Number of protein chains: 2
Amino acid sequence: MAKARDQEERISERNRRIILKAGIEIFARKGFDGTRIAEIAEASGLPKANVYYYFSSKEEIYRAIIEHLITGWDNALKFISPEREPAEAFRLYIKAKLDYARKNGAESRLFASEIIQGARFLTKKDRDHMRRVTDRHVTVVDGWIASGKLLPVDARHLFIMLWASTQFYAEFEPVAADGLGKSRLKVDDYEAAATAISETILRGILPAAG
Amino acid sequence: MAKARDQEERISERNRRIILKAGIEIFARKGFDGTRIAEIAEASGLPKANVYYYFSSKEEIYRAIIEHLITGWDNALKFISPEREPAEAFRLYIKAKLDYARKNGAESRLFASEIIQGARFLTKKDRDHMRRVTDRHVTVVDGWIASGKLLPVDARHLFIMLWASTQFYAEFEPVAADGLGKSRLKVDDYEAAATAISETILRGILPAAG
DNA sequence: ACAAAAGTTGACCAAAGTGTCAACTTTACA
DNA sequence: TGTAAAGTTGACACTTTGGTCAACTTTTGT
């Protein structure tokens, strides 16, 4: 029965997962200070005191969520690789970023709010990691520029353009929906976004006849 | 002395202005729920109870700030005009957006936070206004496309790209600074951003030899 | 079957924060 | 100069919220 037990999620793992999932939704909507532990408890189907059995404080729940988001922060960057042609690399990157934004709206908004308000829960280690990852991929892009595969463009500003354009749809959904004349964004809105962003930015950075 | 009095700002106007200015800085950093009236009072140099003399509630201060921000929301769009050539229009637009972002960082972050958390303080009227203004400028861009002055691009997604790319620097300053390998963004970072965004996006949307 | 460990929970407490108010001071006006 | 209006403010009331705890129940392991 030990094997069955190992396969079944333990009570503590299940409850921690439920609490974090509820926390993501509510912190995304209401921010750290606007969120009540009682709300997280209610959404988790647990008594409030029980939440404190699994997490020592509200801040610990929030930090656990932030660390979880950081681990996946650079997933899409794997496409920016010297083994690929830049056109394909950027298309895949833009698509992956938009897919993440569409599928993880609450996470996107939570992380965005955290940054906008000063990134007070990001540690120096987090930021150093993000900086190193960025530097590594800037180097790949600079290599493409040096070999003539890309027009001369500031790679750092290019990445900012790409991050901003792709994250906007999930983060600023009310304005994105209004801007697109829609009440709510759907899969084809994200696909149209991938097309518009890819075509516009790729034409802007690839040599002619690219 | 009536004339002198008219010229001098009345006590109530001065205090309301000071309270709103303090409110912008603190709401931007801490969000609506994370901000304490006592903090706004202290930053204003007024006793807390006095803040309630001028504004009936914390929410009234916040709403007044949001309405103020809405009135200037579309200032930069004036450059998107049929009287201009698209290349010039977009360059001016991008520059104006970046200038606003650089000079009004706190306002940008406050407004961004508001949208990300669901735009709960924006009224239907506000959103209808923003939608109408956007529609009008989408029509101008569609006209340029129809006349061959622009490549076929979805104007709505193009505006989203432009908004996202230009606002990012002020809104996500910690990540923008890290991405640029800087500790803090300066005027020349914004100028480099204007160059990168203009060159990349304009090459992406203007017919060849543009 | 029993004991230990893990999990649950209603009630509670201390601190924080919004907002109020009566009494006062300052300004404006006739 | 005197009065009315505007502005100021320390103390307070009330509500909310993060977090605690003792006592209980359930699960796990021997």
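The figures that follow rest on heavy atoms only: side chains count, while hydrogens, waters and symmetry mates do not. None of the values given here were measured: they were computed from a predicted structure. Throughout, a chain's letter reflects where its sequence line sits, starting with A, and its residues are numbered from 1.
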*Short side-chain to backbone donor-acceptor contact, B/Ser165 and B/Leu162, under 3.5 Å*: no
*asked:* What is the separation between atom CZ on A/Arg10 and atom C1' on C/dA5, rounded to the nearest whole Å?
replied: 12 Å
*Do A/Arg156 and A/Asp135 touch side chain to side chain, with heavy atoms closer than 4.5 Å?*
yes
*Between A/Phe90 and A/Phe159, what is the ring plane arrangement, given parallel below 30°, perpendicular above 60°, and tilted in between?*
tilted
*How long is the span from the CD1 atom in A/Ile80 to the NE2 atom in A/His137, to the nearest 0.5 Å?*
7.0 Å
_Over-ring placement of A/Arg16 relative to A/Phe55, 6.0 Å and 45° cut-offs_ = yes
_Output the rounded distance in Å from CZ (A/Arg16) to P (C/dT8)._
13 Å
Please write out each protein N/O paired with an N/O of nucleotides 11-14 of chain D under 3.5 Å, distance rounded to 0.1 Å.
none

*asked:* From CD of B/Glu42 over to P of D/dG10, roughly how many Å is that when rounded to an integer?
replied: 13 Å
_A/Thr35 or B/Leu46, whichever maps to the more 5' nucleotide of DNA chain D_ = B/Leu46
_Main-chain N/O of B/Tyr100 paired to B/Asn104 side chain as donor or acceptor, under 3.5 Å_ = yes
*From the options D/dG19, D/dG7, C/dT18, select the nucleotide whose nearest atom is closest to the side chain of A/Tyr52.*
D/dG19
*Regarding B/Ser81 and B/Glu83, is there a side-chain donor-to-acceptor distance under 3.5 Å anywhere?*
yes
*Interatomic distance, A/Asp33 CG vs C/dT18 C1' [rounded to whole Å]*: 15 Å
_What is the distance, to the nearest angstrom, from the CD1 atom on B/Ile19 to the C1' atom on C/dG19?_
15 Å
*Would you indicate which nucleotide in D/dG18, D/dT9, D/dT8 comes nearest to any side-chain atom of A/Ile37?*
D/dG18
*How long is the line joining CG of B/Asn15 and C1' of D/dT8, in whole Å?*
10 Å
*OP1 or OP2 of C/dA6 sitting under 4.0 Å from any side-chain N/O of A/Asn50?*
no
*Rounded interatomic separation in angstrom, taking NZ from B/Lys30 and C1' from C/dT18*: 16 Å
_So if I take residues 53-69 of chain A and measure heavy-atom distances to DNA chain C, which residues fall below 4.0 Å?_
A/Tyr53, A/Tyr54
*Counting just side-chain N and O atoms, does A/Arg36 come under 4.0 Å of either OP1 or OP2 of D/dT16?*
no
*Using whole Å, report how far CD of B/Glu13 lies from C1' of C/dT27.*
15 Å
*Would you kindly say whether B/Glu199 and B/Thr195 are connected by a side-chain donor-acceptor distance under 3.5 Å?*
no
*Do B/Asp126 and B/Thr123 have side-chain N/O donor and acceptor atoms under 3.5 Å apart?*
yes
